[in-house]
Amino acid sequence: METESEPYVRLASLRQLHQVMADMNTARSLADTLQTVADGVVQALGYELACVNLVRPDGDLVVAAFAGNPAAEALITGRVGSRESWERRLGMGEHWGDLVFIPHTEGWVLDDDDVPQWYTDGPAPRFENEWHPSDRLFAPMYTPAAPGGGSCGELIGVLSVDRPRNGRHPGAWGREALQMYAFQAAIAISNARLRANMQRALVRLEREQQALRASEESFRQAFEYAPSGMAIAEMGGDQHGRILRTNDALCRLLGRPASAMRRYSFSDLVHPEDVSTLLRTSAEGGRAELRLGRRDGTYLWVSLRNSVVADAADGPRFLLTHVEDIEDRKRRELQLAHRASHDSLTGLPNSAELRARLSSRLCRRATHTGELESVDAAFGHPAFDAGGDGFDFRPVTQTLDGYDRHVHAVTPEGERDDGTKGLAVLFCDLDGFKSINDRFGHNAGDAVLIEVARRLSRAVRDGDTVARLGGDEFVVLADGLGRADAQDLAVRLRNEIIQPIRVDGRVMRVGGSFGIGWAHCGMTADEVLKSADERMYVEKRSRPKQHRRAG
């Protein structure tokens with residue numbers, strides 16, 4: 001304010017003060033704002049030196065800007081004073097409103113503290129209000145107070161001024177102007193900090209968005225151009241499982257366009273026998289091997305692998321499903337399983353498969369008083385009756401979820417048909433087969449076995465089992481037959497076998513001897529087969545030789 005005598009202040013000085021305040025509110029950065037604050041003290045308030053001490057995050061104050069003396073600026077800018085020393089200073093001296101004045105008579109005790117300072121010595125004042133070089137004047141800067149939060153907010157810095165140009169202590173107007181300037185400087189610094197934080201946040205946000213866009217583009221390319229099928233489906237809600245998006249590989253795999261795929265969920269496409277497998281598959285990290293329907297009505301074996309994906313705002317979650325074609329592997333597995341369980345020559349179930357099918361139909365029931373081996377007992381329903389003679393062959397049924405777990409196999413009573421239906425085991429041994437091998441060789445014998453297998457398979461019902469036990473022995477499992485039915489089946493099969501067989505231009509004939517055994521729970525598969533085998537030999541020996549052989 002130059003040397004105006006209060007209360008007379010030149011209008012030009014007020015305009016200059018107004019301009020300085022406007023400049024510090026329009027500075028581009030925090031550093032520019034701090035320097036504008038320091039320069040304004042010198043330009044508009046009439047002080048020769050000004051220093052802006054800014055509170056750091058750790059509470060200490062750093063010299064952030066200096067104006068009025070380049071040598072002093074180079075010496076102390078960037079230096080730090082402890083918060084403890086500053087609080088000591090602000091608690092000393094005379095308080096002119098928010099300002100703190102420490103006269104040279106008291107300030108000498110501060111000469112050796114850690115607050116950065118620039119001072120000179122000089123003679124004692126010649127008159128009462130003359131400024132001494134060791135006098136100190138501070139203007140604390142506080143953030144604006146919140147409503148109801150007191151007269152001032154948090155300390156953000158301190159303005160330190162020195163050497164008024166008129167050589168006098170500031171009067172009421174000068175004190176008011178410096179205090180008002182500190183208040184406006186605090187607002188400008190707070191706003192500059194806010195803008196800087198916002199700019200950093202915007203830069204960080206832009207970088208995150210760029211990274212997100214890059215990630216989304218990477219995912220899109222990985223999804224679209226993946227060599228195996230990929231699909232995104234809704235998770236939860238009324239549309240749970242509905243397919244939202246598929247890649248080209250999945251569309252080609254199922255022969256369906258992407259627009260059509262969006263009308264389905266995987267439960268609509270899965271084979272009916274595999275629906276339960278799909279439902280048991282976990283949404284997160286779940287795997288399943290099942291069949292999916294193609295557009296042409298065929299089914300394809302695939303491996304499904306699921307993972308859960310959340311959107312950027314952790315909102316609706318989606319199911320990402322990876323679909324891999326395993327048709328070739330499944331075909332090989334089925335072929336290997338078929339080879340392990342079927343005869344390589346005739347294609348019929350082999351001895352191991354026959355025993356497995358027979359055993360699956362039988363359970364080990366009570367065999368003697370005090371001994372219990374029962375499937376029903378394993379499910380909590382023992383079939384053993386401790387009364388009487390210790391045997392109980394009643395047809396007990398284990399029920400699970402309303403469905404019969406097991407129905408016991410029983411044997412028709414007596415030699416006449418009493419209406420009881422049981423599991424018939426027909427043991428067949430070919431008659432005259434050895435002579436064909438001896439006369440025409442094993443190739444001809446193999447051809448005869450293949451034709452006999454075909455005829456037996458053609459003559460039985462769907463659901464019956466025709467198996468090759470080994471050599472020229474075959475076994476037929478037929479459930480739900482009475483004694484007369486079983487005998488009729490044996491006659492029909494024998495008639496099929498004795499028909500002429502043409503091999504390499506030669507006509508050959510074989511016969512068949514059948515023994516009928518009955519399987520019931522409590523027997524083993526080997527016991528059932530042994531019983532049928534013994535009956536077959538009884539039947540073979542009882543027939544005249546000419547009736548057993550074929551020419």
Side chains of [X] and [Y] in contact at under 4.5 Å (non-hydrogen atoms):
| X | Y | answer |
| --- | --- | --- |
| V270 | Y299 | no |
| L358 | V475 | no |
| C363 | H408 | yes |
| V452 | I497 | yes |
| M235 | V308 | yes |
| I436 | M508 | yes |
| F474 | L426 | no |
| L529 | D533 | no |

First locate atom [atom1] of [X], then atom [atom2] of [Y], and finally report the distance between them rounded to the nearest 0.5 Å.
| X | Y | atom1 | atom2 | answer |
| --- | --- | --- | --- | --- |
| D438 | K434 | CG | NZ | 4.0 Å |
| L477 | R361 | CG | CZ | 10.5 Å |
| L423 | D479 | CG | CG | 4.5 Å |
| K540 | D431 | NZ | CG | 3.5 Å |
| L269 | R294 | CG | CZ | 12.0 Å |
| D446 | E451 | CG | CD | 13.5 Å |

Between [X] and [Y], what is the shortest heavy-atom contact and its length?
| X | Y | value |
| --- | --- | --- |
| I516 | R535 | O-CD, 2.6 Å |
| A192 | T33 | CB-OG1, 3.5 Å |
| T246 | A231 | CG2-CB, 4.1 Å |
| L489 | A478 | CD2-CB, 4.0 Å |
| L362 | A525 | CD1-N, 4.5 Å |
| A27 | R195 | O-NH2, 3.4 Å |

Quick one, T321 with M230, criterion side chain to side chain contact (heavy atoms under 4.5 Å, CB included). Give me CA distance, side-chain angles, the key distance, then yes/no. CA-CA 6 Å; T321 302; M230 302 282 285; over 6 Å; no
Can you tell whether the side chains of E539 and R494 come within less than 4.0 Å, N to carboxylate O? yes
Lys/Arg-Asp/Glu bridge criterion (N-O < 4.0 Å) met for E217, R220: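 Here E217 pairs with R220 in a salt bridge, since their nearest N and O are under 4.0 Å apart.
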Whether [X] side chain and [Y] backbone form a donor-acceptor pair below 3.5 Å:
| X | Y | answer |
| --- | --- | --- |
| E327 | W301 | yes |
| N197 | L194 | no |
| R56 | L61 | no |
| R291 | E273 | no |
| S359 | A356 | no |
| D60 | R83 | yes |
| R455 | E496 | yes |

Test side chain to side chain contact (heavy atoms under 4.5 Å, CB included) applied to F440 and V448, step by step: CA-CA 11 Å; F440 304 111; V448 169; over 6 Å; no
Is the [atom1] atom of [X] crowded by more than 12 outside heavy atoms at less than 6.0 Å?
| X | atom1 | answer |
| --- | --- | --- |
| R207 | CZ | no |
| R287 | CZ | no |
| E84 | CD | no |
| R213 | CZ | yes |
| D58 | CG | yes |

Check against side chain to side chain contact (heavy atoms under 4.5 Å, CB included), L250 and M261: CA-CA 9 Å; L250 182 57; M261 289 290 292; 4.0 Å; yes
Which residue in the set R280, R305, R329 passes salt bridge (charged side-chain N to carboxylate O under 4.0 Å, His left out) when paired with E289?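 Single pass found, and it is R329.
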Holding to side chain to side chain donor-acceptor pair (under 3.5 Å), I want the full list of residues that pass it with S29, two or more places apart in sequence or in another chain.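 Side chain to side chain donor-acceptor pair (under 3.5 Å) check on S29 returns D32.
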Answer with yes or no whether the side chains of [Y] and [X] bring together a donor and an acceptor at under 3.5 Å.
| X | Y | result |
| --- | --- | --- |
| S265 | D268 | yes |
| R468 | T346 | no |
| D429 | S513 | no |

Among D462, D464, L456, whose side-chain contact (heavy atoms from CB on, under 4.5 Å) with V460 holds?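 That would be D464; it is the only one of D462, D464, L456 passing the side-chain contact (heavy atoms from CB on, under 4.5 Å) with V460.
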On the six-membered ring of F318, is R245 placed so that its NZ or CZ lies under 6.0 angstrom from the centre and within 45° of the ring axis? no
Sequence neighbours excluded, every pair satisfying ring pair (Phe, Tyr, Trp, His ring centres under 6.0 Å) that has a member inside residues 215-249: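 Qualifying pairs: F219-F223.
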Output, in order, the C-alpha distance, side-chain angles, deciding distance and verdict of side chain to side chain contact (heavy atoms under 4.5 Å, CB included) for L334 and R331. CA-CA 5 Å; L334 292 175; R331 185 183 294 112; 5.8 Å; no
My understanding is that only residues two or more places apart in sequence, or in another chain, count here; which of them pass side chain to side chain contact (heavy atoms under 4.5 Å, CB included) with E527? M523, T524
